[in-house]
Amino acid sequence: MGTDSLTPIHTQTETSVLQRLFLFLILFGCGLAVLLFGSNTFEILPTNKNLTYNLVVSSILLLASLWFKPNQSFQKYWEITFMFFVASVVYPITWGTAGWKEAIFSWLGVTINTSQGLALDKILQMVFTVAPILILIRIAGFKFGSIYLQRGDLKTGLGIGALVLFNLITSAFLFFGLRFSSIDGILAAFLYGLVFAFANGFLEELWLRAIFLRPLVPHLGVNGSVLLTAIIFASIHAGATYFLPISIPFMLVNTLTLGLACGYLIIKTNSIWGAMLIHAAADFFLFVALLANV
């Protein structure tokens with residue numbers, strides 16, 4: 001009798017693990033389909049910079065989420081499917097607003113290949129990314145707290161984030177400060193580097209991580225959810241065009257570990273702000289390093 005009573009528990013545990021692994025792989029595929037294959041920031045795959053592909057993927061995800069929601073068997077998957085739809089909408093909107101960005105740059109007389117231009121481009125990218133995400137979240141009936149736009153444990157988040165930010169700011173100038181030809185160049189790198197870093201840190205933590213974590217946890221657990229978002233985050237940075245191909249493995253490790261740290265901090269603090277600062281710190285270091293080598 002004792003043996004019989006243990007058998008179903010063992011089988012159920014194995015099934016649960018296999019189901020979770022299977023779901024992990026499916027969601028990983030969805031993430032790549034949306035964010036890597038649909039990317040319009042690089043062109044390494046046939047589907048990159050392909051508006052038709054973006055629209056088809058967005059349509060499929062929207063229809064799937066609408067079908068899942070009232071369906072008793074699949075209702076538990078509607079929220080995560082909808083979040084993938086929200087993430088997918090960013091690329092078509094980027095296509096649609098490209099002319100606006102060009103007009104703004106022309107009106108301000110700013111060129112993209114300057115520290116000021118890079119910062120302005122990132123601010124506009126943040127606006128055109130974050131605004132539709134927030135609008136869609138509210139239309140679907142979610143509160144902003146569901147995507148970690150709330151105070152949470154602000155003291156812990158900002159404390160850890162600020163320490164990492166100050167460390168990498170000082171590291172950037174310790175290693176690269178002497179490569180700038182003038183004080184003006186250093187000041188521009190500092191000012192516009194911070195603008196670029198905060199804008200990119202916020203938009204990527206929201207778009208590539210925060211919208212997914214809460215709906216993923218019931219299916220994959222905390223560890224699985226953080227790992228999945230970190231792997232997807234690292235994968236889409238494999239197409240970074242500002243590095244030599246030999247540097248890609250290091251970029252993958254760099255972004256994977258950053259994704260793991262930011263994901264755990266978001267869940268730990270129940271807020272996006274600490275992770276945003278850590279992400280901004282990494283981006284600031286990269287911004288200064290790249291400008292120092294121009």
Side-chain angles (χ1 to χ4, degrees), residues 35 38-43 48-49 51 54 86-87 89-136 149 161-162 165-166 168-169 171-173 176-177 179-211 233 236-237 239-243 251 255 258 262 272-273 275-294:
L35 297 165
S39 177
N40 59 11
T41 58
F42 49 76
E43 199 167 1
N48 294 147
K49 296 187 177 181
L51 180 58
N54 292 145
V86 171
V89 167
V90 169
Y91 287 133
I93 289 177
T94 302
W95 283 96
T97 56
W100 298 1
K101 288 175 65 175
E102 292 178 4
I104 292 172
F105 269 86
S106 177
W107 178 59
L108 294 175
V110 177
T111 55
I112 187 68
N113 58 343
T114 62
S115 56
Q116 184 182 15
L118 291 171
L120 176 60
D121 181 67
K122 189 57 63 175
I123 290 174
L124 294 175
Q125 184 184 351
M126 180 193 69
V127 171
F128 295 136
T129 299
V130 171
I133 289 175
L134 298 184
I135 291 170
L136 289 171
L149 290 178
L165 180 64
F166 288 134
L168 287 184
I169 285 176
S171 294
F173 289 110
F176 303 110
R179 298 188 186 183
F180 288 92
S181 59
S182 66
I183 295 296
D184 288 342
I186 294 177
L187 292 176
F190 180 82
L191 174 62
Y192 295 118
L194 285 178
V195 173
F196 176 95
F198 281 122
N200 194 60
F202 180 55
L203 86 86
E204 289 199 351
E205 286 306 309
L206 182 68
W207 174 35
L208 304 177
R209 205 170 338 273
I211 64 173
F233 176 72
I236 65 174
H237 282 82
T241 57
Y242 40 83
F243 288 115
M251 183 64 167
T255 49
L258 176 64
C262 289
I272 197 176
W273 307 117
M276 184 200 75
L277 287 181
I278 291 180
H279 197 137
D283 286 337
F284 180 85
F285 186 90
L286 178 61
F287 185 91
V288 172
L290 289 175
L291 283 183
N293 289 308
V294 172

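In this chain, residues are counted from 1 in sequence order.
Annotation for Val86 and Ile211: closest pair CG1-CD1, 4.4 Å, computed over non-hydrogen atoms. What you find for Leu258 and Ala282 is that their closest heavy atoms are CD2-CB, 4.2 Å. Between Asn54 and Pro92, the shortest heavy-atom distance links the atoms CB-CG, 3.8 Å. Residues Thr111 and Thr114 come closest through the heavy atom pair O-OG1, 3.0 Å. Of all heavy-atom pairs spanning Ala281 and Leu165, the tightest one is CB-CA, 3.4 Å. Counting all heavy atoms, side chain and backbone alike, Gly201 lies closest to Met276 at C-CG, 3.8 Å.
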### Test log, rule side chain to side chain contact (heavy atoms under 4.5 Å, CB included), inputs Thr255 and Ile236
CA-CA 10 Å; Thr255 49; Ile236 65 174; over 6 Å; no
### Message
For a side chain to side chain contact (heavy atoms under 4.5 Å, CB included) check, start with the C-alpha distance between Leu277 and Trp273, then their side-chain angles and the critical distance, and finish with the verdict.
### Response
CA-CA 6 Å; Leu277 287 181; Trp273 307 117; 6.0 Å; no
### Task
Please assess Ile169 against Phe190 for the test side chain to side chain contact (heavy atoms under 4.5 Å, CB included), listing each intermediate value before the final yes or no.
CA-CA 8 Å; Ile169 285 176; Phe190 180 82; 4.0 Å; yes
#### Entry: side chain to side chain contact (heavy atoms under 4.5 Å, CB included) assessment of Ile186 paired with Phe173
CA-CA 8 Å; Ile186 294 177; Phe173 289 110; 3.6 Å; yes
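Listed by chain and residue number, nothing satisfies the side chain to side chain donor-acceptor pair (under 3.5 Å) test with Ser115 (two or more places apart in sequence, or in another chain). Listed by chain and number, the residues in a ring pair (Phe, Tyr, Trp, His ring centres under 6.0 Å) with Phe176 are Phe285 (sequence neighbours excluded). Evaluation of the side chain to side chain donor-acceptor pair (under 3.5 Å) rule for Asp184 yields no partner, not counting sequence neighbours. Looking at residues two or more places apart in sequence or on another chain, you find a side-chain contact (heavy atoms from CB on, under 4.5 Å) between Ile112 and Phe105, Asp121. Residues passing the side chain to side chain donor-acceptor pair (under 3.5 Å) test with Trp100: none are found, sequence neighbours excluded. Residues passing the ring pair (Phe, Tyr, Trp, His ring centres under 6.0 Å) test with Phe287 are Phe196, sequence neighbours excluded. The salt bridge (charged side-chain N to carboxylate O under 4.0 Å, His left out) test applied to Glu204 returns no partner, not counting sequence neighbours. Listed by chain and residue number, Ile183 satisfy the side-chain contact (heavy atoms from CB on, under 4.5 Å) test with Leu187 (two or more places apart in sequence, or in another chain). The side-chain contact (heavy atoms from CB on, under 4.5 Å) check on Phe166 picks up Ala162, with sequence neighbours excluded. Legend: residues meeting side-chain contact (heavy atoms from CB on, under 4.5 Å) with Glu102, ordered by chain and number and at least two apart, are absent. Legend: residues meeting side chain to side chain donor-acceptor pair (under 3.5 Å) with Ser171, ordered by chain and number and at least two apart, are absent.
Contact of the Trp95 side chain with the Lys49 side chain is registered, since non-hydrogen atoms from C-beta on lie closer than 4.5 Å. At a threshold of 4.5 Å between non-hydrogen side-chain atoms, the residues Phe128 and Thr94 do not count as touching. By the 4.5 Å heavy-atom criterion applied to side chains, Leu149 and Leu206 are counted as neighbours. Counting heavy atoms from C-beta outward, Leu203 and Ile133 have side chains that stay 4.5 Å or more apart. In this structure the side chain of Glu205 never reaches within 4.5 angstrom of the side chain of Ile278, judged on heavy atoms.
Note that CG of Leu51 and OH of Tyr91 are 13.5 Å apart. Values are rounded to the nearest 0.5 Å. For the atom pair CG of Leu286 and CG of Leu168, the computed distance is 11.0 Å after rounding to the nearest 0.5 Å. To the nearest 0.5 Å, atom CG of residue Leu291 and atom CG of residue Leu118 are 6.5 Å apart. If you take CG on Leu208 and NE2 on His237, they are separated by 7.0 Å, rounding to the nearest 0.5 Å. Within the model, atoms CG of Asn200 and CD1 of Ile123 stand 11.5 Å from one another, a figure rounded to the nearest 0.5 Å.
Just one of Trp207, Phe198, Phe233 meets the ring-ring contact (aromatic ring centres under 6.0 Å, His included) condition when paired with His279; it is Phe233.
A salt bridge (Lys or Arg N to Asp or Glu O under 4.0 Å) check over residues 187-198, counting only residues at least two apart or in different chains, returns nothing.
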